[in-house]
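Notes follow once the structure below has been shown.
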Amino acid sequence: MDFVRSMIARDQETGKYGGSVVTRFPPEPNGYLHIGHAKAIHLNFGIASEHPGGRCHLRLDDTNPETERSEYVEAMKRDIRWLGHDWGEHLYHASDYFGKLYEYAVLLVRRGLAYVDSSTEEEIRARRGSVTKAGVESPWRDRPVAENLDLLERMRAGEFPDGSHVLRARIDMAHPNMVMRDPLLYRIRHSTHYRQGDGWPIYPMYDFAHCLSDSIERVTHSLCTLEFENNREIYDWLLAKVDAPLPRPEQTEFAPLVVEHVVTSKRQLKELVGAGAVRGWDDPRMPTIAGLRRRGVTPAAIRRFCEMVGVSRAHSRVDHGKLEFAIRDDLNRRAPRAFCILDPLKVVLTDFDAGRLVSLTAPTMPGSDDGTQEERDLSLRGEIYIERGDFAENPPPGFHRLRPGGEVRLKYALTIRCDEVVRDGGGRIIELRCSHDPGTLGGVAPKGRRVPGTIHWLSAADAVPAEVRLYDRLFAVPDPPLDDLPSALNPDSERTVTGLVEPGVAGAAPGTHYQFERLGYFFTDPADSRPDRLVFNRVVTLRDSWAERLRREGSGTGRASAPAAADPERGARTRNVDANAARSPEASLSSGLERDRFRELRSLGVGEATAVSLVRSQPALDLFHQASASHPASAGAIASWLVNDVARLVRRSATLAIRRLAPEALADLVRAVEADDLSHRQGRRVLEALLEGGGDFEEVRLSLDLAEVDDEETLRRVVEGIVAANPEKAADYRAGRSGLLGFFVGEAMRATGGRADPQAVSRVATETLSAATRASS
RNA sequence: UGGCCCGUGGUCUAACGGCAGGACACCGGUCUUUGGAACCGGGGGUGGUGGUUCGACUCCACCCGGGCCAACCA
């Protein structure tokens, strides 16, 4: 399960949202959906469908009138449906909330949390500062509320021209997060909205509209991509400041989908279409849903691909081969087989009587031997076509197709031998003259007769011509440079040939899949193909280990080159080792005060790494001095508990606070553990309780029922039980898999409800396992 | 002299502090009327250094590497 689903499962357990799960997919209708959106769509709709009563809203985030069109809205709806999802009645538009949003803006102004800034765009930009420099406040920042209200109303009434005023949140111009430096909430745009017409001269910004739209729809989990991480702070701020109803939606970010050899930025895609690099948004080479659909990629394949890729917060770049795998895997099951010759070479069967016709059959879906095998008809006559690439005059080693004097099997037909090669005046091979083996009719070789290869073929008189568009990746390099896409275009991304297909394919409706045997998966183009004039798109080739091998050997880089290619990166990692180790933690201390404190801690017996951490936390440092004053001998241990255990617990849970921990309680705790009065593990349980409710160490300890199991006999029985229940693990351990000791200790801890002294368990387990070795050997 | 986030085999992704696993790719084999599919097997990984712990991919610190943020876009 991915981290988003785990989080939602946790929320369900704690009842955070009263059991409801509401997600949303919120595209801006300013372009076409692409493969990257597919990931978000499957995530949001998928999660909703996994919870009873869960739902996913489709919300068009249409707050910018200049780029949005209803044409895009319709395309988006079609694409999402095609991907297999249904928003039911939950179709929303952010622009439908303009009224409510405006009320929220008024509320913020009344509360002194927003103001009208009459600076120019340039002034605002200049005053924002930079990532390393604080911004400066706008001269309009302290306008009286009444004036702000008046100005905002007049902005809304359309009294001011574009750019003359904006509404801004009043937060902090020196905020380390740039998003929080008085973000713009509204701008003036006298522009016609595709949906709201001229009803609004002011439009809300993303940061303002998004969180409030989520809240209005009572969304619970607002999932977006990583680039919005910095925006989460303003999301929460706004909901808090307008007193949005509880429970409030929460934003969670996940890594966007990046695929090698693919670009998904809307701007770049637009550029490709505009520059004519592709024929349109639905060009089969485009990563848009429309392009994928037209190419012949199925919704099931896209879904599978998204599942394989997973969801995490790590920036990643997915191997394009993964998409290809998902496509092949799906089409392999659903595409009927047929023959197609892309580059025909004529073959005359010299010993076939003129006019002779052999009728043959071939399976439509080989391998599905469930008794319901469907078959197709094939005709064989004296003149046929084979693929030019299936004949080689000077074959490379390992080639087992047709060669002069050699044999090959025509699939489902018979075996032929090449007797003669015929060329034209230019020396180009135009025909092969072959003889056949009558004993192999039907393609079956008599016992003991080995035929090196099997190729596809088509009867010349029966084959029907078809246009075939051979697609390859649009970009030649895995990571196309966004500032110069044309340079990275693959010149061979589309190659059109006139091929031949078997007669059974003639009349195929647009939008039909085939596997052309030995070539790949093909799809009759939904727009250009007609039953009487077929146009095929190659969706994806078959896996081709032979071509792969030729490529490797041809480029002179054998298998060895793969690791070599990865080497630079590896080298970089190892090269850094020295640099990594060169600096001690102490060197990171910035001020003289910190260094003085560090030295003092060191002199008190605190370890170096611990001292560095402790120096930075004033509350922890104070606590340390108070607790260690009376117990100087335990100073090192106290510091360690503070840095390692207290810090961890406090960071993890909001209900724990360091201020509740009394110095005496901490000192007593540390000394008790040092005296082996209780294990470190149980010490942590006491610590957690102390951080939660404060109090005296002994009291809290007694209230927790920490009776420890360290009786050797009891532990031995427990361990023996676990060993008996896991004989194979015990054997593995004895065979040298020492890491399994952790498994036995862990199981024993579980079995005793965490009460066992792990150190004792570890000792007992080691003894028990080795004793069994002696016994069994 | 900014803040936040992220580093697990070639790639993507799992693992309450307790067995480092899966998928794609790769290699080998079986089978085969697709150099396909299917089936079987194999190699290879926690960025580094310290610390805490009986035990660290997981917690702490530092380092290294990467990403995001300074539109009146979303």
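The chains referred to below are lettered A, B, ... by the order of the sequence lines, with proteins before strands, and numbering in each begins at 1. Values below: every heavy atom of this structure, side chains too, minus hydrogens, waters and symmetry copies. If you're wondering where the values come from, they're calculated on a predicted model, not measured in any experiment.
Using a 4.0 Å heavy-atom distance criterion, A:Gly520 is classed as making no nucleic acid contact. When heavy atoms are screened at a 4.0 angstrom cut-off, A:Ala314 is found touching the sugar-phosphate backbone but no base atom. As judged by a 4.0 angstrom heavy-atom cut-off over every strand, A:Arg10 is placed among residues making no nucleic acid contact. At a threshold of 4.0 angstrom between heavy atoms, the contacts of A:Tyr412 include nucleobase atoms, whether or not backbone atoms are also involved. Base engagement by A:Phe399 is indicated by at least one non-hydrogen atom pair under 4.0 Å involving a base atom. Using a 4.0 Å heavy-atom distance criterion, A:His315 is classed as a base contact.
Under 3.5 Å, the side chain of A:Arg313 and the base of B:G7 form no donor-acceptor pair of N or O atoms. Counting atom types as modelled, A:His400 pairs a side-chain N or O with a base atom of B:G35 as donor and acceptor under 3.5 Å. Between the side chain of A:Asn644 and the base of B:G51 there is at least one donor-acceptor pair of N/O atoms closer than 3.5 Å. Side-chain N/O atoms of A:Arg401 and base N/O atoms of B:G35 include a donor-acceptor pair closer than 3.5 Å. Counting atom types as modelled, A:Gln515 pairs a side-chain N or O with a base atom of B:U34 as donor and acceptor under 3.5 Å.
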Where do N or O atoms of nucleotides 69-72 of chain B meet protein N or O atoms at under 3.5 Å, pair by pair?
residue	atom	partner	partner atom	Å
B:C69	O4'	A:Asn230	ND2	2.9
B:C72	OP2	A:Arg128	NH2	2.9
B:C72	O2'	A:Arg189	NH2	3.0
B:C72	N4	A:Ser119	O	3.4
B:C72	N4	A:Glu121	N	3.1
B:C72	N4	A:Gly163	O	3.2

Heteroatom pairs (N/O) under 3.5 angstrom, protein to nucleotides 39-41 of chain B:
none

Please enumerate all protein N or O atoms sitting under 3.5 Å from an N or O of nucleotides 14-16 of chain B, with distances to 0.1 Å.
residue	atom	partner	partner atom	Å
B:A14	OP1	A:Val311	O	3.0
B:C16	N4	A:Arg750	NH1	3.2

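Rounded to an integer number of Å, the gap from NE2 of A:His37 to P of B:A74 is 14 Å. Protein atom NE2 of A:His261 is 14 Å distant from nucleotide atom C1' of B:A25, rounded to whole Å. A:Leu656 places its CG atom 16 Å from the P atom of B:C59, with the value rounded to the nearest Å.
Between A:Ser640 and B:G51 there is no side-chain N or O to OP1 or OP2 distance below 4.0 Å. Between B:G3 and A:Thr132, no contact under 4.0 Å exists linking OP1 or OP2 to a side-chain N or O. Note on A:Arg616: a side-chain N or O is less than 4.0 Å away from OP1 or OP2 of B:C62. Between A:Arg328 and B:A37, a side-chain N or O to OP1/OP2 separation shorter than 4.0 Å is absent. Residue A:Arg651 places at least one side-chain N or O under 4.0 Å from the OP1 or OP2 atom of B:C60. One finds no side-chain N or O of A:Arg5 lying less than 4.0 angstrom from the OP1 or OP2 phosphate oxygen of B:U13.
With B:C54, B:G51, B:A74 as the choices, the nucleotide that has an atom nearest any side-chain atom of A:Ala609 turns out to be B:G51. Between B:A74, B:A61, B:U11, one nucleotide has an atom nearer to the side chain of A:Ser613 than all others, and that is B:A61. Residue A:Ser762 places its side chain closer to B:C54 than to any other of B:C54, B:C12, B:G36.
Dense packing is recorded around NZ of A:Lys270, with more than 12 heavy atoms of other residues, nucleotides or ligands lying under 6.0 Å away.
Under the side chain to side chain donor-acceptor pair (under 3.5 Å) criterion, A:Glu548 pairs with A:Arg551, sequence neighbours left out. Not a single side chain to side chain donor-acceptor pair (under 3.5 Å) links A:Glu307 to another residue, sequence neighbours left out.
A salt bridge is defined here as a Lys NZ or Arg NE, NH1 or NH2 lying under 4.0 Å from an Asp or Glu carboxylate O, and A:Glu229 with A:Arg313 meets this definition.
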* Quick one: do A:Asn30 and A:Glu28 satisfy side-chain hydrogen bond (donor to acceptor under 3.5 Å, both in side chains)? Show the steps, please. => CA-CA 6 Å; A:Asn30 68 345; A:Glu28 181 190 12; 3.0 Å; yes

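Ranked by how close their nearest RNA chain B nucleotide is to the 5' end, A:Lys39 and A:Gly398 are led by A:Lys39.
In this structure, A:Phe516 CZ and A:Tyr521 OH are separated by 12.5 Å, a value rounded to the nearest 0.5 Å.
Residue A:Trp546 and nucleotide B:G35 are classified as a stacked aromatic pair, their ring centres being separated by less than 5.5 Å at an interplanar angle below 30°.
Looking only at atom types and distance, the side chain of A:Ser222 has a donor-acceptor partner in the side chain of A:Asp214 under 3.5 Å away. Between the side chains of A:His175 and A:Arg181, no donor-acceptor pair is found at a separation under 3.5 Å.
Relative to the six-membered ring of A:Phe325, A:Arg304 misses at least one condition, a distance below 6.0 Å or an angle of at most 45° to the axis.
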* Using Watson-Crick or G-U wobble pairs with both distances under 3.5 Å, give me RNA chain B in dot-bracket, 5' to 3', with [ ] for crossers and | for pairs to another strand. => .((((((..((((....[..)))).(((((.......)))))....(((((..]....))))))))))).....

